**Student:** 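Supplied in structure tokens, the structure appears directly below.
What you see is a predicted model, and the numbers here were worked out from it, not measured in a lab. What you see below is based on every heavy atom in this structure, not just the backbone, and it leaves out hydrogens, waters and symmetry mates. Throughout, a chain's letter reflects where its sequence line sits, starting with A, and its residues are numbered from 1.
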Amino acid sequence: MTKNLVIVESPAKAKTIEGFLGKDFTVRSSFGHVMDLNKTKLSVDVDNEFEPKFEISPDKKKTVSELKKMAKSADTVWLASDEDREGEAISWHLYKALGLNDNNTKRIVFHEITKVAITKAIESPRGIDKNLVSAQQARRVLDRLVGYELSPLLWRKVKPSLSAGRVQSVAVKLIVERENEIRNHKSTSAFRIVAELAPDGPNQIFTAEYAEKFKEEEQAHDFLRNNIGANFSIESIEKKPAKKSPAPPFTTSTLQQEASRKLGFSVANTMRIAQSLYESGKITYMRTDSVNLSNTAIGMATSEITKSYGEEYVRTRKFASKIKGAQEAHEAIRPTYLSNHSVDANNDEKRLYDLIWKRTIASQMSEAKLEKTIVSIKSSGADKKFTATGEVIKFDGFLKVYLESTDDDNGEKQGLIPAMNVGDALSLMEMRARERFTKHAPRYTEASLVKKMEELGIGRPSTYAPTISTIQKREYIVKETRESEKQKATCLTLKDNNISSAVHYDNVSSDKSKLFPTDIGILVTKFLDQHFDRIMDYNFTADVEKEFDEIAEGKKEWNEMIKDFYGPFHKKVETTQEQSGKFSGERLLGIDPASGKKIFVKIGRFGPMAQIGETDAEEKPRFAGLRKGQSIETITLEETLKLFDFPRNLGNYEDKEVTVAIGRFGPYVKHNGGFMSIKKEDDPASITLDRAIEIIEAKRKADREKIIKSFPEDEKVQLLNGRYGAYLVIDKQNYKLPKGTEASELTLEDCYKIAEDPKNMPKKRSSRKKK
DNA sequence: CAGTGAGCGAGCTTCCGCTTGACTT
């Protein structure tokens, strides 16, 4: 059929490339890896040179059989997966899975998707690099061994269904350690002195800061008093030129950071939107660690900048990655056509595109030229000097288009400074001594965690977003907005020869959508740190990467490397398994005044819980789960005792008892065998019977509205309103309704008929949804 | 989803990286 079959990793790429190649070429995609280790088994023969058992992934069976068919009828198969470890392995796996041979198979690589690059690649094919394949195998086997030996250990020692891995466990550790730092941070305060001054003549006020801060309010007060009626004059003015350069074009990580800071997107959201822009051909590939732009792109940028801003704004650059372990198989993320200043798409896509366009264009624009002015001012009432700094843009350059934001954007703006001369007298408008507290390190956001992971070389562009969602799904960390801590601060003001004092409440931290560790995350980190310090070492990944590189260069055997690692690792797993007991993080809080028994908090099978009495005591202990937001690290005895006030009997309704209790999904009201969750506004400790009845009635109303139709002839059959529209239930089994069906018009016969059609059976979930 | 937590024991959970759809009760 086709003479040449070219296989790439992504279907969008396949479509583009097919346009560049002639009729004789058919381009298809493998959709990433086609072979992997079996998910349900270790699939690594640890007694036999660590031989991995790769098999065709279940969800790739169809792709592989289609490709196989096409490959059979082709003269030549061109394996064009990415030029990195994983890409090489994809080619090798395709080679095996499609039953290819050396005579009709060629391996090619290209970094940019242009006709020239691809034609050139076709002209210079090579064979599959087995060393690179071995390096991937080592990476894959190492991750499997770590993940599949540590996770079961956690199930036994801590809690079922937990997970551990080279990447995720260290990501959690970063957040746990940051929280510890914050907990141990001792905030100190000092009074900062700021003067608002104005030269004679036009009313141009500017601010200057005094060179010293004062620890005590009294000292600050004394200082202000000394400056009542003082003379201010300019001692020196220094002007110096400064430059600002644009940031490199986007990689996955920097795109996630900027989209988070400037647009407020989560990393998963950013990737979803970028994927959509990529699929519609608007931007280049979005999973990349490269800051490189192709010559074509730089050419487009040059003409676009010249046209829109003028020649003096052009300054092309080649950026080099500073990230260790960067594989740079792709270009940086950029618009496919820089002449499109915006795109026709939904709002989020437009905004993300706009960001990418600006960043790309700015990266090829001239530096901004600034002039910094530093004015030194002396006061007759002070020993040291006041300093005012100003910044004037002489030439805006790339700033015309784009300025990168930073994580801590609370830096004060540098104001304009009026034109003045040395010796000029100034009038004091106002002087303030404001108490400032030192701030603890900020909690991570999703995006700043990605930044840190990238710095440490942990994870890859394709895994940042999934890793962050995994550690949230496992409940190791939570993303939350918490009430920020306030601190009382004093501000003294000198104005019109008078000193007044006022009190402010300053936010110590801004905790909007920040990452917090949970009790389980803290406990698991502690456990792994104690027993597996090597894997929890921030340098572990970087160190093994060096060894993968040696394997890729043919300087090392992959299974030798794994053997060296696995020996001591596996021994540690075994001794921990045998010698250490349950790791519950148990904390003794004190004595229950009612029973005289001990009260503990710890991690149980279902998460954090409190316990009155000892497990091996004759009388069974009482248990209660901790509420959301409570932590075994910080909960007090009083708070714990309150948890045992449930279930609480509120009285009777319709001759049946109404009780309120706290369960797995929060507080609920129980009545006549039914459960109803209570809303956030209601406090289970003080809820009244009347309010509980309201909740019961509201639930009944919702249930009534849920039923579209029921049949008195067969009560097992019901048509219900669900989250995704109408559906059919027969004897607890759900069925989809065929498209276009009006549920309220269906007869009982219709329902039976629908249930018989296997098309309407709901798909079985491949993996059970985690609680 | 279902409102537990000892004991009994079967059977389940899990990794990282490469890619997109399929399709939810």
Side-chain angles (χ1 to χ4, degrees), chain A residues 8-13 29-37 39-44 57 59-60 63 81-82 84-87 89-90 93 136 139-155 159-169 275 278-279 285 287 329 458-464 466-467 470 474 541 584 602-607 609-611 613-617 619-625 646-647 661-668 670 675-677 706 720-729 734-736 762-763 765-771:
Chain A
V8 295
E9 292 182 34
S10 139
K13 200 168 166 180
S29 91
S30 73
F31 297 87
H33 275 295
V34 293
M35 294 182 90
D36 193 12
L37 305 175
K39 210 165 77 75
T40 60
K41 294 181 284 232
L42 185 64
S43 307
V44 174
S57 310
D59 59 330
K60 295 295 165 53
T63 308
S81 48
D82 297 345
D84 56 16
R85 213 160 56 201
E86 300 296 328
I90 288 173
H93 290 153
Q136 191 273 346
R139 199 279 305 156
R140 184 67 191 88
V141 167
L142 178 92
D143 284 338
R144 173 52 67 94
L145 291 173
V146 170
Y148 274 39
E149 294 216 353
L150 286 187
S151 302
L153 191 61
L154 290 178
W155 305 341
K159 182 177 168 307
S161 303
L162 295 176
S163 64
R166 174 176 58 83
V167 172
Q168 58 168 281
S169 297
Q275 174 89 27
Y278 168 66
E279 282 172 11
Y285 197 57
R287 289 186 277 265
I458 297 165
R460 302 275 313 130
S462 67
T463 61
Y464 295 137
T467 301
T470 298
R474 298 266 178 281
T541 289
S584 70
K602 64 180 188 183
I603 299 286
R605 200 147 67 89
F606 305 112
M609 64 182 238
Q611 176 181 338
E614 271 155 282
T615 317
D616 46 9
E619 204 181 334
K620 190 181 149 179
R622 294 174 65 201
F623 300 99
F646 298 100
I662 293 165
R664 185 138 109 63
F665 306 102
Y668 64 93
K670 192 174 169 189
F675 299 91
M676 286 134 277
S677 293
K706 194 180 161 196
L720 301 177
N721 240 333
R723 216 160 27 115
Y724 306 98
Y727 66 102
L728 171 66
V729 182
N734 297 332
Y735 302 91
K736 287 189 287 189
K763 283 247 165 123
R765 295 200 154 179
S766 49
S767 62
R768 272 182 48 115
K769 207 178 157 191
K770 273 250 343 177
K771 43 145 200 166

**Student:** Taking the basic N atoms (NZ, or NE/NH1/NH2) and the acidic carboxylate oxygens, is any pair closer than 4.0 Å for A:D82 and A:R287?
**Tutor:**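 No salt bridge links A:D82 with A:R287.
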**Student:** With the six-membered base ring of B:dC15 as reference, does the ring of A:Y148 sit under 5.5 Å away with planes under 30° apart?
**Tutor:**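 Aromatic stack with B:dC15 absent for A:Y148.
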**Student:** Phosphate oxygens OP1/OP2 of B:dC15: is one of them under 4.0 Å from a side-chain N or O of A:S163?
**Tutor:** yes
**Student:** Without decimals, in angstroms, what is the distance between A:R605 CZ and B:dG7 P?
**Tutor:** 11 Å
**Student:** If I take atom CZ in residue A:R85 and atom C1' in nucleotide B:dC16, what distance separates them, rounded to the nearest angstrom?
**Tutor:**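 Interatomic distance, CZ of A:R85 to C1' of B:dC16: 10 Å.
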**Student:** Atom CG of A:L145 to atom P of B:dT14: distance rounded to whole Å?
**Tutor:**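 Taking CG of A:L145 and P of B:dT14, I get 18 Å after rounding.
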**Student:** Stepwise, does the side-chain hydrogen bond (donor to acceptor under 3.5 Å, both in side chains) test hold for A:R474 with A:S163?
**Tutor:** CA-CA 8 Å; A:R474 298 266 178 281; A:S163 64; 2.7 Å; yes
**Student:** Kindly write out the residues that satisfy ring pair (Phe, Tyr, Trp, His ring centres under 6.0 Å) with A:Y668, not counting sequence neighbours, or none if the list is empty.
**Tutor:**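 A:F675.
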**Student:** Whenever both distances are under 3.5 Å in a Watson-Crick or G-U wobble pair, mark it; put DNA chain B into dot-bracket that way, with [ ] for crossing pairs and | when the partner is on another strand.
**Tutor:** .........................
**Student:** In this structure, how many angstroms lie between the P atom of B:dA6 and the NZ atom of A:K602, rounded?
**Tutor:** 8 Å
**Student:** Does A:I458 offer a backbone N or O that forms a donor-acceptor pair with the side chain of A:T541 under 3.5 Å?
**Tutor:**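 Answer holds: no.
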**Student:** Any base atoms under 4.0 Å from A:L37, or only sugar-phosphate, or nothing? Heavy atoms, all strands.
**Tutor:** nothing
**Student:** Indicate yes or no: does A:K60 engage A:D36 in a salt bridge with an N to O separation below 4.0 Å.
**Tutor:**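 No, A:K60 and A:D36 are not salt-bridged.
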**Student:** Determine whether a donor-acceptor pair (N or O, by modelled atom type, separation under 3.5 Å) exists between the side chain of A:T463 and the backbone of A:G459.
**Tutor:**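 It does not hold such a pair.
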**Student:** Go through the steps for A:K159 and A:L154 under the test side-chain contact (heavy atoms from CB on, under 4.5 Å), then give the verdict.
**Tutor:** CA-CA 6 Å; A:K159 182 177 168 307; A:L154 290 178; over 6 Å; no
**Student:** If the cut-off is 4.0 Å, is A:Q168 near the phosphate of B:dC15, judged by side-chain N/O to OP1 or OP2?
**Tutor:** yes
**Student:** Mind checking ring pair (Phe, Tyr, Trp, His ring centres under 6.0 Å) for A:Y285 and listing every partner two or more places apart, or none if nothing turns up?
**Tutor:** A:Y278, A:H330
**Student:** CD1 of A:I662 versus P of B:dT4: gap in Å, rounded?
**Tutor:** 12 Å
**Student:** Please pick, from B:dG3, B:dC15, B:dT4, the nucleotide with the shortest atom-to-atom distance to any side-chain atom of A:S151.
**Tutor:** B:dC15
**Student:** Taking only the side-chain heavy atoms of A:F675 (C-beta and beyond), determine which of B:dG3, B:dC15, B:dG5 contains the nearest atom.
**Tutor:** B:dG3
**Student:** Starting at the 5' end of DNA chain B and moving along, which residue's nearest nucleotide shows up first, A:T40 or A:A624?
**Tutor:** A:A624
**Student:** If the P atom of B:dT24 is compared with that of B:dC1, how far apart are they to the nearest Å?
**Tutor:**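 Per the computed distance, 14 Å lies between those P atoms.
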**Student:** Under 3.5 Å, which protein N or O atoms sit close to an N or O of nucleotides 17-20 of chain B? Give each pair with its distance.
**Tutor:**
from   : atom 1 : to     : atom 2 : distance (Å)
B:dG17 : OP1    : A:R166 : NH2    : 2.8
B:dG17 : OP2    : A:T463 : OG1    : 3.0
B:dG17 : O4'    : A:R139 : NH2    : 3.2
B:dC18 : OP2    : A:S462 : OG     : 2.8
B:dC18 : O5'    : A:S462 : OG     : 3.4
B:dC18 : O3'    : A:E9   : OE1    : 3.2
B:dC18 : O2     : A:H33  : N      : 2.6
B:dT19 : OP1    : A:Y285 : OH     : 2.2
B:dT19 : OP2    : A:Y285 : OH     : 2.6
B:dT19 : OP2    : A:R287 : NE     : 2.9
B:dT19 : O5'    : A:Y285 : OH     : 3.3
B:dT19 : O4'    : A:G32  : N      : 3.4
B:dT20 : OP1    : A:S10  : OG     : 2.7
B:dT20 : OP2    : A:Q275 : NE2    : 3.1
B:dT20 : OP2    : A:R287 : NH2    : 2.7

**Student:** Using the rule given for side-chain contact (heavy atoms from CB on, under 4.5 Å), can you reason through A:S43 versus A:R144, listing the C-alpha separation, both sets of side-chain angles and the distance that settles it, and then say yes or no?
**Tutor:** CA-CA 9 Å; A:S43 307; A:R144 173 52 67 94; 4.1 Å; yes
**Student:** Whole angstrom is fine here: how far is it from CZ in A:R474 over to P in B:dT13?
**Tutor:**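 The distance from CZ of A:R474 to P of B:dT13 comes to 11 Å, rounded to the nearest Å.
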**Student:** Evaluate the side-chain contact (heavy atoms from CB on, under 4.5 Å) criterion for residues A:L37 and A:L42: first the C-alpha distance (whole Å), next the side-chain angles of each, then the deciding distance (0.1 Å), finally the verdict.
**Tutor:** CA-CA 8 Å; A:L37 305 175; A:L42 185 64; over 6 Å; no
**Student:** Which pairs, protein N/O on one side and nucleotides 8-12 of chain B N/O on the other, fall under 3.5 Å?
**Tutor:**
none

**Student:** Go through the structure and list residues passing side-chain contact (heavy atoms from CB on, under 4.5 Å) with A:A89, not counting sequence neighbours.
**Tutor:**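 Scan of A:A89 (side-chain contact (heavy atoms from CB on, under 4.5 Å), adjacent residues dropped) gives A:H33, A:H93, A:Q136.
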**Student:** Starting at NZ of A:K620 and ending at C1' of B:dG5, how long is that distance when rounded to a whole Å?
**Tutor:**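 After rounding, the gap between these two atoms is 8 Å.
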**Student:** Between A:E86 and A:R139, does any NZ, NE, NH1 or NH2 come within less than 4.0 Å of an OD or OE carboxylate oxygen?
**Tutor:** yes
